[in-house]
Engineer: 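So that we are looking at the same thing, I have put the structure below in structure tokens.
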2 protein chains.
Amino acid sequence: MTKGADHFDLEGFLPYLLNQAAEATSRAFQAVYRDRYGMTRTQWRVLAHLGQFGAMTARDICARSHIEKTKVSRAVAALEGDGMLGRTPSPEDGRAEILSLTEKGRAAYADLGELAKAHDRALRGVVGQEASAKLDEVLQRLIDTT
Amino acid sequence: MTKGADHFDLEGFLPYLLNQAAEATSRAFQAVYRDRYGMTRTQWRVLAHLGQFGAMTARDICARSHIEKTKVSRAVAALEGDGMLGRTPSPEDGRAEILSLTEKGRAAYADLGELAKAHDRALRGVVGQEASAKLDEVLQRLIDTT
DNA sequence: AATATTTAGTTGCGACTGCAACCAAGTCAA
DNA sequence: TTGACTTGGTTGCAGTCGCAACTAAATATT
């Protein structure tokens, strides 16, 4: 017969582990964008999206990042207030606005991007070369299938 | 020379991937404890800790789970209000209270624990047998080294 | 053209969070 | 003992979140 009483184990529960790992790996970097630019996590992500992929509408950011529209809306408002991005009405759709980084926004992106790369390298060092690639693939699968 | 302009890639940024995966895998289960018991994530975790490891003080829960003490404090208050747990003053330390699940709390834990196991099995099915074990190990390493 | 339905984005509100300040009990050191 | 320091736990407050309701523009329907 198999081993008895296999009751639920929180510490082996995948969502729990993922949350802990996400929390742990995010915390250190969070301090960076918070202290340097007073940004929230969502703001940093919106900035990074615009920095990496160029001007796009809020709708596009939502689709790409799976961040709730209200979070994006508020992050955009805050970033605009800080002079990090500007809005131009879309010529194609009167409801939409095209978001693009200002000079200041691009500078912040360049700065934080470098630091993020360093942070990522450090984390991947912990994980190890081969496991790192596998990890990305697995995480991506989890993200996609949910 | 190496490949040119390797600028920051948000979608390959480990904290970002982990957050997305954590978010995605947690959301479905969150609906369960929210709809059935009106619990928050922290409440569910506290309940699970007490259910799995037995009576302990709030301090112990903090140490074990890395949840902030205020979060634990409020979750405990809420669970107590819902009749899920009770407190008894610690005989050893006049400040501490020993928390233990009530009958109702144990029932909720048994119910949710079963559902959690099923959810976990489904997720691990997505990841695959072997990758699953490796994943746990890698996540644990990230959690510990931070 | 006039009405109904979707979609981009914002806002109000109640709930949750984080941090710092706090209280009370325990410990340590003279 | 008395007074400084630590520790278990709670609370106030300001900020963030999620959801539902909303406005306004676009699209579909008749």
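Residue numbering restarts at 1 for every chain, and letters A, B, ... go by the order of the sequence lines.
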Engineer: Look at the aromatic rings of B/Tyr33 and B/Trp44 and report parallel, tilted or perpendicular, splitting at 30° and 60°.
Structural biologist: parallel
Engineer: CD of A/Gln43 versus C1' of D/dG15: gap in Å, rounded?
Structural biologist: 11 Å
Engineer: Rounded to the nearest 0.5 Å, how far apart are CG of A/Leu47 and OG1 of A/Thr42?
Structural biologist: 12.5 Å
Engineer: At under 4.0 Å, does any side-chain N or O of A/Ser73 touch on OP1 or OP2 of C/dT10?
Structural biologist: yes
Engineer: Provide, to the nearest angstrom, the distance between the CG atom belonging to B/Asp82 and the C1' atom belonging to C/dA15.
Structural biologist: 14 Å
Engineer: Please give, in whole Å, the distance from D/dT16 P to A/Gln30 CD?
Structural biologist: 11 Å
Engineer: Provide, to the nearest angstrom, the distance between the CG atom belonging to B/Leu99 and the P atom belonging to D/dG8.
Structural biologist: 13 Å
Engineer: If you look at every strand shown and take non-hydrogen atoms under 4.0 Å, does B/Ser90 touch a base, only sugar-phosphate, or nothing?
Structural biologist: nothing
Engineer: What is the ring orientation for B/Phe13 with B/Phe8, classed by angle as parallel under 30°, tilted 30 to 60°, or perpendicular over 60°?
Structural biologist: perpendicular
Engineer: With sequence neighbours left out, what residues match A/Tyr37 under ring-ring contact (aromatic ring centres under 6.0 Å, His included)?
Structural biologist: none
Engineer: Rounding to an integer number of Å, can you tell me how far B/Glu92 CD sits from D/dG9 C1'?
Structural biologist: 17 Å
Engineer: Let me know, please, whether B/Ala58 or A/Gly38 comes out on the 5' side of the other along DNA chain D by nearest nucleotide.
Structural biologist: B/Ala58
Engineer: So how far is it from A/Gln43 CD to A/Leu85 CG, rounded to the nearest 0.5 Å?
Structural biologist: 9.5 Å
Engineer: Using side-chain heavy atoms (C-beta onward) and a distance below 4.5 Å, is A/Arg87 in contact with A/Val76?
Structural biologist: yes
Engineer: Sugar-phosphate atoms are those with a prime plus P, OP1 and OP2; base atoms are the rest. Using that split, label each nucleotide of nucleotides 17-25 of chain C B, S or - for protein heavy atoms under 4.0 Å, 5' to 3'.
Structural biologist: SBBB----B
Engineer: Could you state the atom-to-atom distance from CD1 of B/Ile98 to C1' of D/dG9 in whole Å?
Structural biologist: 15 Å
